[in-house]
Each structure stands twice: as C-alpha cells, then as structure tokens.
Protein chains: 2
Amino acid sequence: MASDVQPTPAKQPVTLREVAAIAGVSVATASKALNGQGRMTAETRSRIRETAQRLGFRPNSLAQSLLRRRSFTVGLLTNDTYGRFSLPLMAGVSDALVDAGVSVFLCNVEDDPRLAQLHVDAMLDKRVDGIIATGKRIDRHLPVDLANLGIPAIYAFTEPDPNAIAFVSDDAGGARLAVEHFCRLGRRRIAHVSGPASFAVVHARAEAYREVLAENGLPVLEPLLGPWSEAWGHEAVRRLFDGEGFDGTREKPDAVFCGNDQIARGVIDALRERGIGVPDEVGVIGFDNWQIVAEATRPPLTSVDMNLAALGREAGLALLSLVGGEPALPGIRKLPCRLVVRQSCGRPPDG
Amino acid sequence: MASDVQPTPAKQPVTLREVAAIAGVSVATASKALNGQGRMTAETRSRIRETAQRLGFRPNSLAQSLLRRRSFTVGLLTNDTYGRFSLPLMAGVSDALVDAGVSVFLCNVEDDPRLAQLHVDAMLDKRVDGIIATGKRIDRHLPVDLANLGIPAIYAFTEPDPNAIAFVSDDAGGARLAVEHFCRLGRRRIAHVSGPASFAVVHARAEAYREVLAENGLPVLEPLLGPWSEAWGHEAVRRLFDGEGFDGTREKPDAVFCGNDQIARGVIDALRERGIGVPDEVGVIGFDNWQIVAEATRPPLTSVDMNLAALGREAGLALLSLVGGEPALPGIRKLPCRLVVRQSCGRPPDG
DNA sequence: TCCCCCTGAGAAAACCTTTTCCCAATCCGC
DNA sequence: GCGGATTGGGAAAAGGTTTTCTCAGGGGGA
C-alpha cells in the first residue's frame with residue numbers, strides 16, 4: 001500500500017569464522033593467513049585470502065580493539081563551534097591520522113563544563129587512544145581537565161594543562177614577518193591596530209611589533225586596541241589619520257599592521273573612503289589569512305597565515321607517537337607563521 | 001637527566017570482573033545489578049552499585065558494542081573542508097545524537113573518491129550504526145556510494161542516492177520570504193542577483209523570485225547570474241544602475257535580493273560608493289545569514305537563514321530512528337528557512 | 001510430609017579476533 | 001630404521017560485557 005520504506009537491509013557482515021569454514025580451515029589459521037602470520041603452505045594462504053576477498057570479509061574493529069587494547073580512534077575536543085580556526089586544524093589532524101587508520105571523534109563542547117565532561121566520558125568509554133584539545137583561543141582552557149585520564153592528551157591552539165604537550169602558532173614570529181615586510185618595503189611609520197587587551201596574542205604581537213621597529217630605528221606608535229571587528233578598523237583609521245599623528249611629528253602612518261583580517265578589512269575600506277591609496281600611500285597587512293576576507297578586500301590583503309592545518313598535523317602526529325608509547329618532553333611548541341603576500345603592501349621602492 | 005617525560009601513566013580502567021570480585025559476587029550478578037536487570041536483594045544490588053561507584057567503574061563500550069552489535073557511533077561524511085555550511089550542520093547533528101550517547105566520527109573526504117572510500121571502509125570496520133552525508137552543495141553527490149552498505153544513511157544538504165532520505169533547505173521558500181518581505185515593505189522594483197547557473201539553488205530561488213513578483217503584479221527583471229563573490233555584487237550594481245533600467249521604464253531598482261551574503265555585501269558597498277542610500281533608496285537582502293558578514297555590512301544585512309543546525313538535528317534524529325529499526329519513507333524533506341531582519345531593508349512606508 | 005514454585009545468584013555461552021601453545025606428520029642425517 | 005628437527009595447522013585462552021540457562025534453597029499449599 002505505502003511505497004518503499006527503508007528499514008536497514010540488514011546485510012550482516014561476514015565473520016572470520018565463516019571465511020575459515022568455507023576455506024576449510026580453523027579460524028586461527030584463517031587469521032594468520034590474512035595477517036601474514038604463522039606458517040602454512042602458500043596454497044593454503046592464498047586460498048584463504050581469496051575466500052576472504054570473495055566474501056568481502058572485513059575484520060571487526062571492535063573485536064580487534066578489545067583484544068589489542070587500542071581502538072585506533074582519538075577524540076577531538078573543541079569549543080569553536082562556528083570557527084574558522086578549528087576547521088583547518090581539524091583537517092590537519094584528520095589528515096595526519098587517516099594514514100595510520102585512526103578515526104576522529106569530533107566533540108563540540110561549546111563552553112559548557114557539563115557537556116565537556118559528558119563527551120570526555122563518552123570518549124573514555126569508547127576507549128579512544130588519546131585526545132586532542134583545541135579551541136578558539138590560545139590563552140583559554142577548555143572547560144574540562146584532561147590531565148589524569150590515563151590516556152595521552154595533546155593541545156593545539158588552546159591553553160594546555162601543565163606538563164602537557166601543546167602546539168600553538170608563533171604569534172610573535174608572525175608579527176615580525178609582517179612588520180619586517182613593511183620595513184623591507186621602505187615603510188617608515190608603521191601603526192598597529194589589534195584586538196582586545198584581554199587576548200594574550202594581542203600582547204605577543206604588539207611586543208614583536210615594538211621590537212622590530214626598535215631594531216630598525218623606527219618610531220613606535222602605541223598599538224590601538226579594540227574589538228576584532230571591521231568597525232574597529234574604521235574607527236582606528238579615524239584615530240590614526242585625524243589624530244595628532246605619528247610620534248608627535250604630525251606625520252600620518254604609511255603602513256598599518258592589523259591584528260586580524262576583519263580589522264584590516266575595515267582599515268582598507270576606511271582608507272579608501274578617505275581617498276587614501278592602498279598600497280600606494282598606506283600599506284596594510286592582516287592576520288589569520290582568512291582567505292574569503294583577504295581575497296575580497298580591495299586590493300586583496302597581504303596577511304599572516306598561522307598554518308593551522310600544519311599545526312593540526314603536528315598535533316596528530318605527536319599524539320600518535322605518544323600513543324605508540326614513545327616518550328616526549330612536555331612543553332609548548334610554537335610553529336612558525338607565514339606571510340601570504342597579496343597586493344595591499346605594494347612593491348619595494350626600487351622594485 | 002632530562003626532565004619530565006610523558007609516556008602514558010597507564011592507569012588501567014577497572015573492569016566488571018574486578019567490581020564483582022570486590023563486591024563478592026559473580027560478573028553476571030554484577031552486570032545485572034548495574035543494568036537494573038535480573039533479580040537480587042536490594043542490599044546486594046546497592047552494594048554492587050556502590051562498589052562500582054567507588055572504583056570508578058565504566059563499562060567498556062567496545063565489549064558492549066561487540067555483543068549488542070550496535071556501536072553507538074555514527075559517521076559524518078563531508079566534503080566541505082573549510083565551509084561555513086558544514087559546521088552548523090555538524091553542531092546540529094552532534095547535538096541531536098549526544099543525548100542518545102552516540103558519538104560522531106568526522107570524516108572529511110574533500111572530493112577525492114579514494115579518500116572517501118577509505119573513510120567509509122574505516123567506518124564500516126568500526127561498525128558505525130549509520131552514516132550521515134553532508135556537503136557544500138545540495139546538487140552534488142559525495143564521491144562515494146552509500147546505498148548498499150548494510151547500514152542506514154541519511155543525507156543532509158547534499159544530493160541523496162535514490163531511495164534514500166535527505167534533508168535540504170527549502171531554497172524556494174527562503175527566496176519567497178525575502179521577496180515577500182520586500183513586497184510588504186512597499187518595494188516595487190525588485191532585482192535579483194545570484195550565483196552561477198550551474199547551481200540548482202540558483203534556479204530554485206530565481207523561480208520563487210519570479211513567482212512572488214508575478215503574484216504581486218510587479219515587474220520581473222531577469223536575474224543576474226555570476227560568481228558567488230563580492231566583486232560580482234559590485235559588477236551587478238553597475239549593470240543594474242548604469243543599464244537601461246527596470247522593465248524598459250528606465251526606473252532603477254528599489255530592492256535587490258542577493259543569492260548570498262557576499263554578493264549582498266558587494267551590492268551594499270557598491271551602492272554606498274554611488275551615494276545610493278541603503279535602505280532608504282534601495283533595500284538589500286542576502287542569503288545564508290553568514291553572521292560575520294551580515295553584521296559587518298553597513299547597514300547590517302537582512303538575510304535568509306537556512307537553519308542548518310536544525311537541519312543537522314533533523315538528520316541526526318532521522319538516523320537514530322532508522323538505526324532503531326523504525327521504517328521511514330524515502331524522499332527529500334525540505335526544511336523551512338527563516339528571514340533574519342536587520343537594517344538593510346527599512347521599515348514599512350507607513351511604519 | 002510432599003511437591004511445586006519462587007527467589008536469589010552463579011555458570012557459561014556469545015560477540016569476533018588474535019596469539020600462544022601444542023600436536024601430528026614429515027623430513028633429514030646417520 | 002631411528003631420533004630429532006621442522007612443517008602445517010589446530011585448540012584454546014584472552015579481551016569485557018550481556019544474557020540465557022541452571023541450580024540450590026526456602027516458602028507455601030495440599
């Protein structure tokens with residue numbers, strides 16, 4: 001009467017026992033044949049293999065894991081629901097693990113300790129081999145303690161427990177790349193517009209900004225801090241170009257290093273609205289290299305990329321080696337950023 | 001010599017056998033006590049429970065799954081690596097499943113058939129209870145066949161196999177919401193700027209656009225199709241406002257319905273650069289409700305939200321019921337969009 | 001007093017695979 | 001032809017839990 005319904009066709013997977021029975025051997029022999037273990041005639045081995053092949057036998061990971069005490073599964077904990085940070089990071093993690101046959105449980109815990117504990121417990125019950133914690137901020141802890149779980153934990157782009165291993169971006173290094181790029185291009189009055197003072201990275205980048213300027217004998221303007229928004233980029237331009245100018249000299253900046261791409265977007269738009277040419281009069285560099293933003297600014301935005309996918313890869317590989325029993329020193333590893341040059345900085349004066 | 005290293009502390013989980021031994025009962029009784037099965041004195045039951053509690057006993061999911069033939073695990077397949085579509089969708093799926101104690105394997109398959117098959121095989125080996133497939137386009141297939149896997153599959157925001165269950169956004173309905181909103185506000189000359197003709201949603205939305213205009217006796221301008229980019233929004237404004245005008249009347253549009261938020265952003269920026277007021281002279285509505293874009297436009301963008309999290313939830317619940325053995329009719333379910341009103345449309349003329 | 005039924009709890013099979021040990025048969029050298 | 005080594009393969013335990021079956025003892029009815 002009703003049309004097609006769809007309860008599972010229930011195609012039972014074939015077990016090793018069936019393979020063995022059909023090949024006329026014991027399960028022990030079948031197992032050894034398929035795993036290249038044990039001794040038997042080449043004929044027996046190939047007969048078993050062929051039978052397994054024909055029947056579409058695939059070993060039950062659950063049974064294997066139970067025996068081996070290793071589930072080839074890890075948990076990835078994040079609180080970055082909609083974030084552009086965790087996605088590339090996850091892709092990197094997954095990429096590092098897939099080759100080892102390891103699958104990833106994705107758990108979004110928002111910022112809810114109860115939810116986090118729920119997910120961690122579920123992962124523990126499912127006997128994950130390890131956990132990777134990641135977040136949207138380097139200087140914030142996930143709302144759960146991963147220290148004494150009995151399985152290794154790696155932190156990526158989030159604040160680690162003491163005595164754990166963490167991978168984070170080298171924000172100071174990234175800022176250096178940007179400011180040094182400006183210096184090489186002959187910019188002399190370089191401003192810095194960044195995010196809220198409550199973010200650790202804001203200070204790390206600002207410090208590097210100051211250092212590079214000092215090394216190059218250039219004047220330092222106190223960094224302008226505000227929200228991570230386009231609107232703040234606009235406002236900052238107003239302050240920079242309506243204010244009393246650089247270093248008391250009444251000169252206006254010829255470069256702006258921004259704390260993220262959204263601020264940079266606001267800065268570029270505001271400059272254009274004031275009739276100030278980018279990159280001719282003012283160069284702009286962003287941070288995050290959020291492609292969809294960086295490529296939509298006019299001109300396209302030069303930006304610092306934190307190499308999050310690489311960071312995820314490293315975290316995945318580190319976890320793998322920890323799971324494999326190899327010891328490793330705890331600590332925070334900083335991975336280098338890279339500068340993605342587009343068109344918002346111009347070429348060297350002699351270029 | 002070297003400082004602290006960190007090979008796993010190897011805190012072995014406690015097993016049911018140990019609980020039983022310590023409580024002085026058999027494993028069978030212990031199991032039944034903890035699961036509320038079997039018959040025993042209340043005293044025995046509570047003694048066992050207390051022992052388990054004290055020892056921190058947590059049943060090994062692997063062993064349970066092996067026996068029950070149900071892993072409380074599902075696979076989520078996506079090809080939307082960096083996408084803003086899959087994240088809310090995943091959050092919805094995860095949200096629907098976490099309450100049932102089901103964990104989610106996240107597998108990003110890019111568009112690589114080999115990688116997709118690899119992940120599907122891994123999921124099958126790990127005995128997932130079902131698979132949810134999702135992608136970045138409603139009208140594209142994932143590069144793998146999920147039809148005869150022996151486990152249920154649900155499709156969300158991607159093209160399903162025939163005879164499968166799929167959840168997609170109601171793009172036509174969403175477009176209606178937008179255009180009808182314009183009509184209610186008294187806009188009379190409504191243009192439509194959308195994405196490439198190769199996208200099915202572009203046609204669905206354009207068709208709804210035409211219908212609503214016809215229903216309201218308003219002139220229809222042939223939709224302008226181009227890339228999903230800000231630059232195309234700029235270009236479209238040029239064509240709309242430099243061209244010969246609306247319906248041959250030389251009148252310019254007083255509203256633009258855009259195929260996504262990036263195009264809308266370009267449109268709004270271009271209008272402002274021409275000195276055309278938004279929303280006073282021209283109203284603009286976007287699609288996707290990509291918050292970070294919609295809130296950064298000036299003025300903030302009214303946009304159609306596809307309710308992707310809800311869509312993910314529905315998909316998760318549907319999979320759960322399929323896994324539970326309940327039959328369901330195959331077919332494509334369209335879930336309604338909603339209009340998120342911000343400030344790019346203005347108020348009703350009499351408002 | 002006898003029988004039956006019920007209660008409380010344990011033994012064992014089952015889930016599926018791996019691995020260790022073991023055994024029978026064959027082969028070799030002498 | 002005999003002792004020992006080698007070869008090919010199987011039996012069984014292990015991993016942790018659930019579930020069915022079994023069983024001993026006690027209580028109640030006739």
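Lettering of chains follows the sequences in order, A, B, ..., and the numbering in each one begins at 1.
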Quiz item: Which distance, rounded to the nearest 0.5 Å, do you find between the CD of A:Gln117 and the CG of A:Asp112?
Solution: 11.0 Å

Self-check item: Terminal helix-axis angle for the helix from C:dT1-D:dA30 to C:dC30-D:dG1, with five pairs defining each axis and rounding to 10 degrees
Solution: 60°

Quiz item: Could you give the start and end, 5' to 3', of the contact zone on DNA chain D for chain A, using atoms under 4.0 Å from its heavy atoms?
Solution: D:dT7 to D:dG16

Self-check item: Greater than 12 external heavy atoms within 6.0 Å of A:Arg17's CZ
Solution: no

Exercise. Flag the pair A:Arg68 and A:Asp129 as a salt bridge only when some basic side-chain nitrogen lies within less than 4.0 angstrom of an acidic carboxylate oxygen.
Key: no

Quiz prompt | Sequence neighbours excluded - side chain to side chain donor-acceptor pair (under 3.5 Å) pairs with any residue from residues 21-31 of chain A | solution = A:Ser26-A:Thr29, A:Ser31-A:Asn35

Self-check item: Non-neighbouring partners of A:Val168 that pass side chain to side chain contact (heavy atoms under 4.5 Å, CB included), sequence neighbours left out
Solution: A:Ile138, A:Ile332, A:Lys334

Using residues 85-94 of chain A as the side-chain source, report each donor-acceptor pair under 3.5 Å to any protein atom, sequence neighbours left out, with the distance given to one decimal.
from    : atom 1 : to      : atom 2 : distance (Å)
A:Ser86 : OG     : A:Asp80 : O      : 3.1
A:Ser86 : OG     : A:Asp80 : OD2    : 2.9

Self-check item: N or O in side chain of B:Ser26 less than 4.0 angstrom from C:dG10 OP1/OP2
Solution: yes

Practice problem: Working to the nearest 0.5 Å, report the span between CG of B:Leu97 and CG of B:Leu317. | Solution: 7.5 Å

Quiz item: With sugar-phosphate meaning primed atoms plus P, OP1 and OP2, does A:Ser31 contact a base, only sugar-phosphate, or nothing at under 4.0 Å between heavy atoms?
Solution: base

Exercise. Verify the distance criterion only: is there a donor paired with an acceptor across the side chains of A:Lys126 and B:Ser103 at less than 3.5 Å?
Key: yes

Quiz item: Could you write nucleotides 20-28 of chain C as a row of B, S and -, 5' to 3', where a protein heavy atom under 4.0 Å of any base atom gives B, of only sugar-phosphate atoms gives S, and otherwise -?
Solution: B--------

Practice problem: List in chain and number order the residues that pass side chain to side chain contact (heavy atoms under 4.5 Å, CB included) with A:Ala63, two or more places apart in sequence or in another chain; answer none if no residue qualifies. | Solution: A:Asn60, B:Leu66

Practice problem: List in chain and number order the residues that pass salt bridge (charged side-chain N to carboxylate O under 4.0 Å, His left out) with B:Asp161, two or more places apart in sequence or in another chain; answer none if no residue qualifies. | Solution: none

Quiz item: So what does A:Thr41 hit on the nucleic acid, given a heavy-atom distance under 4.0 Å: a base, only sugar-phosphate, or nothing?
Solution: sugar-phosphate

Quiz prompt | Partners meeting salt bridge (charged side-chain N to carboxylate O under 4.0 Å, His left out) with A:Arg45 (sequence neighbours left out) | solution = none

Quiz item: Heavy atom of residues 45-72 of chain B under 4.0 Å from DNA chain C: which residues?
Solution: B:Leu66, B:Leu67, B:Arg69

Self-check item: All salt bridge (charged side-chain N to carboxylate O under 4.0 Å, His left out) counterparts of A:Arg137, not counting sequence neighbours
Solution: A:Asp139

Quiz item: For A:Arg127, what residues pass the salt bridge (charged side-chain N to carboxylate O under 4.0 Å, His left out) criterion, not counting sequence neighbours?
Solution: none

